[in-house]
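Below: one structure, written as structure tokens.
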Amino acid sequence: MAYDHKQIDAKWQQRWEKAQTFKAEDPRKTTKPKYYALDMFPYPSGYGLHVGHLASYTPTDVVSRYKRARGFNVLHPMGYDSFGLPAEQFAIQTGIHPAVTTEKAIESFRSTLKTMGYSFDWPREVSTCDPKFYKWTQFIFTKLFERGLAYQKEVPVNWCPALRTVLANEEVIDGKSERGGHPVIRVPMKQWMLKITDYAERLLADLDKVDWLERTKEAQRNWIGKSEGANVFFGIQGSTEKFEIFTTRPDTLFGVTFMVLSPEHPLLTKGSGIVPASHRASVDDYQAKASAKSEVDRKAATEKTGVFTGAYAIHPFNGKSIPIWTADYVLVDYGTGAIMAVPGHDERDYEFAQTFGLEIKRVIDGGDLPFTGEGKLVNSDFLDGLDQPAALKRAIEEVEKRKIGTRNIQYKLRDWLFSRQRYWGEPFPVVRFPSGDLKTVPVNELPVLLPEVADYQPSEKGEAPLARNQDWVQYADGGRRETDTMPGSAGSSWYFLRYCDPHNDDAFCDFDLQKYWMPVDLYVGGAEHTVGHLLYSRFWQKVLFDAGLVSHDEPFQKLAHQGVILGPDGERMSKSRGNVVNPDSVREQYGADVLRAYVMFLGPMDADKPWQENGIGGVQRFLDRLWRAAVSEDGASIADSAALPEELNKLLHKTIKKVGDDLDAMAFNTAISALMILLNEVYKASSHSKLVLMPLVQMVAPFAPHVAEELWEKMGGEGFVALAPWPKFDSALTVDSVVSIGVQVNGKSRGVIEIDKDASEEAAVAAALSVPSVQNAMGGKPADKVIYKAGRILNLIVKS
RNA sequence: GCCCCGGUGGCGAAAUUGGUAGACGCACAGGACUUAAAAUCCUGAGUCUCGAGCAAUCGGACGUGCCGGUUCAAGUCCGGCCCGGGGCACCA
């Protein structure tokens with residue numbers, strides 16, 4: 001008989017709630033070590049919770065429950081990243097206020113999360129669109145502003161005409177919007193920017209402090225994109241002006257045969273004077289063409305384009321004149337927007353030189369041009385004969401000595417585009433006064449509430465909906481409020497701090513409380529947030545650290561990513577493919593415990609794996625079998641206190657060890673398989689003993705908490721199994737004295753012997769020789785050599 | 001192009017880090033129980049137009065994407081490829 005999961009799930013969810021079983025303890029009233037287990041909070045979409053959420057929240061919940069049983073004071077909260085585009089798009093279509101649809105979606109998420117039996121500390125729930133929350137998002141913005149890290153700038157931005165908003169670099173994938181896949185073009189607009197570039201070096205260096213997957217760290221390193229080199233000044237012929245280039249290869253300075261300025265370079269603007277009248281028209285023409293190109297077109301360009309400007313630069317070492325070109329393969333917003341071209345040793349410069357028939361000069365000995373490897377310098381004056389690395393060092397020294405440039409470091413990371421011309425986001429706590437002064441509003445005026453507007457649609461020119469509420473825009477002394485809103489990633493960049501002290505009206509978080517709980521000990525979420533959310537959060541944490549408001553400079557000590565759960569067909573779940581699995585219907589049928597345990601048993605948590613519905617039956621059988629081992633047909637407990645057979649007792653201790661090790665390593669699938677093996681042996685031994693069933697139920701509890709509580713209660717366990725101390729093992733019982741080891745003859749497996757784990761070589765060989773298949777393989781000859789590792793392997797070598 | 005992951009039965013996957021490859025589960029087959037079915041319990045099973053035997057069974061060869069290497073011993077280490085997934089990409 002199967003247990004009644006509907007009744008049991010509801011019963012224990014109510015009891016946990018009533019007893020506040022999962023409430024984190026007050027740090028001032030406990031001596032327990034802390035453990036902060038966090039999920040990336042969901043965007044509460046109207047579609048409800050999907051299996052991807054379960055793949056993330058279930059492992060975190062298993063770890064939280066395990067850590068509680070292990071004596072940790074666990075903080076395991078949940079909340080909602082509730083500002084964002086979908087609710088706003090829906091509002092534009094229907095006129096329903098996004099707050100209404102968002103609240104409805106949150107209710108749906110909350111109820112689904114509760115029916116899964118997740119051990120969240122519910123009273124700590126946060127929602128980024130709640131004024132009590134975004135008050136502090138605005139407060140943190142004022143801190144950024146005060147520290148000179150928030151500024152407005154006319155910048156070429158990623159403008160998405162379909163969404164009528166600008167997007168951050170991280171939100172643009174291959175020239176299209178991350179959300180919706182609409183085309184994105186580059187247009188200049190005045191925007192709020194956050195100076196994340198000031199933190200580039202620390203964001204890079206501090207990756208060494210955290211326990212993240214190497215590939216995630218590597219992706220952040222790539223995104224930050226550090227390059228070391230030098231800025232070098234080149235003079236301009238017939239002018240007193242100079243211009244600066246950035247290069248990582250000053251060793252190739254003598255290989256320069258032309259210079260390239262990006263089309264947007266200030267020296268090329270009308271009236272700057274370096275472009276002679278004879279070339280003005282063609283430069284103008286080229287600039288116009290380049291600016292008309294979208295980011296996508298620029299990237300898709302197969303051939304290099306450019307024009308000669310008519311001007312010449314002067315080589316800082318040998319005074320030779322070098323033609324200056326302009327081309328759009330040089331980007332205005334990286335380095336200085338100008339380069340020295342060394343076609344002999346750079347593939348892009350080589351391609352450009354080939355296209356326009358420019359000189360290509362070798363300065364490093366080696367393979368075919370363009371040669372980017374190492375070798376000895378040639379045709380390079382004082383660098384001749386040096387190896388490339390030595391030449392690089394020497395060249396930088398010489399540049400600095402002659403004061404024609406300085407060593408320099410460049411990052412690919414750009415400042416964070418922080419404003420959106422949208423409605424459903426945090427208003428900026430900023431006012432512009434007639435004098436032109438820009439000021440943040442006083443802290444006691446926070447939160448700056450999001451005003452009501454008649455129409456949520458942004459204007460085609462990019463003016464934000466908030467501008468329509470003129471009453472709201474007016475501020476004292478003729479000031480006008482900023483009408484842009486913050487991007488979705490604002491609230492998510494610090495919400496993990498709010499959980500430490502969620503109801504504080506005087507501070508975003510009490511200093512001592514964050515000092516106790518932070519950093520997050522385990523953070524689980526999708527790998528797609530690698531360069532967005534995870535980088536922004538690290539940045540804000542560091543800013544708050546520098547402001548003395550938090551005590552740690554990294555927010556997430558350990559990070560894990562859940563794999564993608566694919567459809568039963570092995571393809572990514574999508575509505576168009578029709579392979580989307582709805583977790584609600586699965587839970588209805590099998591119960592929360594089976595669903596949770598199944599998700600954990602599917603495979604390694606970080607692997608992408610298909611959802612195979614028929615596999616659920618195996619997990620369901622396992623929990624039913626556990627139930628039947630302890631409970632009779634009429635629902636009474638049949639557990640007794642009989643002593644365990646020796647073998648079963650040993651297996652119990654081995655299992656306690658293995659499950660603990662596996663949980664520490666987040667190897668949930670193998671932990672469950674160990675529990676299955678133990679239960680199978682319980683059946684074979686026909687045991688109903690509490691001595692094995694109670695610890696087994698305790699170990700099952702993190703995965704299947706409802707049925708575990710019910711069994712624990714029936715067997716007379718004290719209190720909640722969720723809070724019962726984790727079972728201990730006797731290490732003496734976890735090792736077998738007699739083991740079966742493989743016997744090989746000439747390296748091939750030929751049999752197995754049962755032997756004392758410390759048996760001597762003589763004993764092992766004797767035992768092996770009595771095995772017929774071993775004798776057979778040896779063909780009657782003696783062993784010429786014996787390799788024996790006690791308890792592991794015996795290999796007999798026979799010369800043919 | 002560069003940088004990461006990954007590739008093991010019909011399927012999801014294990015494998016103490018070089019030591020009996022395929023634990024556990026699904027699906028499958030056989031048996032027990034049953035009037036029958038479901039459920040349950042027990043048992044079997046990598047592949048082979050390989051060999052012996054009436055048979056249960058016993059033995060052999062092959063086997064972790066491909067080729068080569070190191071080693072007594074390779075899924076695991078090394079070199080060279082192929083395939084799948086992800087990230088970066090005109091960043092000087």
Side-chain angles (χ1 to χ4, degrees), chain A residues 1-2 173-174 213-223 225-227 229 245-249 252 260 262 298-299 301 304 327-331 333-342 345-349 351-352 410-414 527-528 530-531 563-564 568 570 572 598 601-604 606-619 621-622 624-625 628 658 661 667 669-677 679-680 683-684 740-753 772-773 776-777 783-789 791-798:
Chain A
M1 194 204 85
I173 311 290
D174 290 333
L213 280 181
E214 194 48 42
R215 67 185 147 101
T216 308
K217 291 189 187 184
E218 197 58 33
Q220 287 215 352
R221 287 188 195 111
N222 285 343
W223 189 260
K226 181 178 184 175
S227 297
I245 60 95
F246 172 69
T247 179
T248 55
R249 295 292 303 276
T252 60
V260 186
S262 78
R298 264 200 182 193
K299 281 182 178 159
K304 294 263 182 297
D328 66 4
Y329 83 92
V330 174
L331 310 174
D333 52 1
Y334 181 79
T336 61
I339 62 154
M340 61 175 211
V342 185
H345 303 283
D346 180 280
E347 281 168 25
R348 297 149 304 186
D349 297 345
E351 197 189 322
F352 192 82
Q410 283 293 330
Y411 300 91
K412 285 192 231 174
L413 184 69
R414 308 295 164 82
E528 69 275 15
T530 299
V531 293
V564 178
R572 218 167 250 274
Y598 173 65
F601 188 59
L602 264 180
D606 56 356
D608 294 351
K609 48 212 174 278
W611 179 274
Q612 293 196 312
E613 191 118 11
N614 56 13
I616 296 176
V619 175
R621 260 189 286 277
F622 166 63
D624 280 343
R625 272 159 70 83
R628 285 195 307 272
K658 166 134 182 89
D661 290 347
N669 54 332
T670 52
I672 293 176
S673 93
L675 295 169
M676 287 173 165
I677 292 169
L679 182 63
N680 289 345
Y683 268 72
K684 280 182 196 156
S740 66
I741 66 168
V743 179
Q744 300 179 339
V745 176
N746 293 334
K748 291 199 171 190
S749 296
R750 297 295 179 184
V752 175
I753 52 173
S773 57
N776 193 15
D784 296 296
K785 189 177 171 190
V786 175
I787 289 136
Y788 175 61
K789 299 254 168 118
R792 295 239 176 176
I793 196 79
L794 174 65
N795 192 0
L796 303 169
I797 310 305
V798 180

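Reminder, nothing fancy here: chain letters follow the sequence lines and each chain counts from 1.
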Quiz item: Hey, does the side chain of A:Arg621 come within less than 4.0 Å of B:C26's phosphate (OP1/OP2), counting only N and O?
Solution: yes
Residues passing the side chain to side chain donor-acceptor pair (under 3.5 Å) test with A:Thr248, sequence neighbours excluded, are none
key: More than 12 heavy atoms from other groups under 6.0 Å of CD on A:Glu528   = yes
If we take the P atom in both B:A73 and B:A13, what is their distance in whole Å? 32 Å
Quiz item: A:Lys684 side-chain donor-acceptor pair to B:C42 base, under 3.5 Å: no
A:Asp328 atom CG is separated from B:A92 atom P, nearest whole Å, by 17 Å
| message | Please give the distance between the C1' atoms of B:U49 and B:C62 as a whole number of Å. | response | 15 Å
* For B:U8 and B:A14, measure between their C1' atoms and round to the nearest Å. => 10 Å
Q) Looking at A:Arg628, does any N or O in its side chain come under 4.0 Å of the phosphate oxygens OP1/OP2 on B:C41? A) yes
chi for B:G9 classified (syn = within 90 degrees of 0, anti otherwise) as syn
Quiz item: Counting N and O atoms only, with roles assigned by atom type, does the side chain of A:Asn746 sit under 3.5 Å from a partner on the main chain of A:Val798, one being a donor and the other an acceptor?
Solution: yes
For A:Arg215, the side chain to side chain contact (heavy atoms under 4.5 Å, CB included) test, sequence neighbours excluded, returns A:Leu213
A:Arg221 meets the side chain to side chain contact (heavy atoms under 4.5 Å, CB included) criterion, sequence neighbours left out, with A:Leu204, A:Leu207, A:Asp208, A:Glu214, A:Lys217, A:Glu218
For A:Arg249, the side chain to side chain donor-acceptor pair (under 3.5 Å) test, sequence neighbours excluded, returns A:Asp251
Contacts of A:Phe601 meeting ring pair (Phe, Tyr, Trp, His ring centres under 6.0 Å) (sequence neighbours excluded), chain-then-number -> none
Atom CG of A:Asp661 and atom P of B:U17 are separated, to the nearest Å, by 12 Å
Side chain to side chain contact (heavy atoms under 4.5 Å, CB included) filter on A:Ala219, not counting sequence neighbours, yields A:Thr530
Rounded to whole Å, the CD-P distance (A:Glu218 to B:C5) equals 9 Å
A:Pro610 and A:Leu602 have their tightest heavy-atom pair at O-CD2, 3.5 Å
Between B:A73 and A:Asn746, is there an OP1 or OP2 to side-chain N/O distance shorter than 4.0 Å? no
Separation of B:C2 atom C1' from A:Arg215 atom CZ, nearest Å, is 18 Å
In whole angstroms, the gap separating P of B:C90 from NE2 of A:His345 amounts to 23 Å
Side chain to side chain donor-acceptor pair (under 3.5 Å) filter on A:Lys658, not counting sequence neighbours, yields A:Asp662
ask   = Which value, in whole Å, describes the distance between the C1' atoms of nucleotides B:G46 and B:A29?
value = 16 Å
- Task: Output yes when at least one side-chain N/O atom of A:Ser673 is less than 4.0 Å from OP1 or OP2 of B:A13, else no.
- Result: no
Result for 5'-nearest mapping on RNA chain B, choosing between A:Gly337 and A:Ile677, is A:Ile677
Distances under 3.5 Å only, N/O to N/O: pair up the protein atoms with those of nucleotides 59-63 of chain B.
from, atom 1, to, atom 2, distance (Å)
B:A61, OP2, A:Arg750, NH1, 3.3
B:C62, OP2, A:Lys748, NZ, 3.1

Note to self: Whether the side chain of A:Tyr329 engages the backbone of A:Val260 through a donor-acceptor N/O pair (distance < 3.5 Å, no angle test) should be reported.
What the structure shows: no
One should report the stems of RNA chain B, each a stretch of at least three consecutive Watson-Crick or G-U pairs at distances under 3.5 Å, as B:1-7 with B:82-88, B:10-12 with B:24-26, B:28-32 with B:40-44, B:46-48 with B:60-62, B:50-52 with B:57-59, B:65-69 with B:77-81
Item checked: Lys/Arg cation over aromatic A:Phe352: A:Lys304, 6.0 Å, 45° cone -> no
**Message:** Would you measure the distance from the P atom in B:G6 across to the matching atom in B:U76 and give it in whole Å?
**Reply:** 13 Å
Sequence neighbours excluded, the answer for side chain to side chain donor-acceptor pair (under 3.5 Å) partners of A:Gln410 is none
P spacing across the pair B:G19 / B:C77, given as an integer number of angstrom: 11 Å
Produce the list of close N/O pairs, under 3.5 Å, pairing protein atoms with atoms of nucleotides 18-22 of chain B; give distances to one decimal.
from, atom 1, to, atom 2, distance (Å)
B:G19, O2', A:Arg792, O, 3.4
B:G19, O6, A:Lys789, NZ, 3.4
B:G19, N2, A:Gln744, OE1, 3.3
B:U20, O3', A:Ser749, OG, 3.2
B:U20, O4, A:Ser740, O, 2.7
B:U20, O4, A:Ser740, OG, 2.6
B:A21, OP1, A:Ser749, OG, 3.3
B:A21, OP2, A:Ser749, OG, 3.0

Each nucleotide N or O in nucleotides 10-12 of chain B that has a protein N or O under 3.5 Å away: list the pair and distance.
from, atom 1, to, atom 2, distance (Å)
B:C11, O2', A:Gln612, OE1, 3.3
B:C11, O2', A:Gln612, NE2, 2.5
B:G12, O4', A:Gln612, OE1, 3.2
B:G12, O2', A:Leu602, O, 2.5

Separation of B:A92 atom P from A:Asp349 atom CG, nearest Å, is 12 Å
If only side-chain N and O atoms of A:Tyr329 are considered, is one of them under 4.0 Å from the OP1 or OP2 phosphate oxygen of B:A92?
-> no
Rounded to whole Å, CG of A:Asn222 lies from C1' of B:G87 at a distance of 7 Å
To the nearest angstrom, the OH-P distance between A:Tyr598 and B:C24 comes to 19 Å
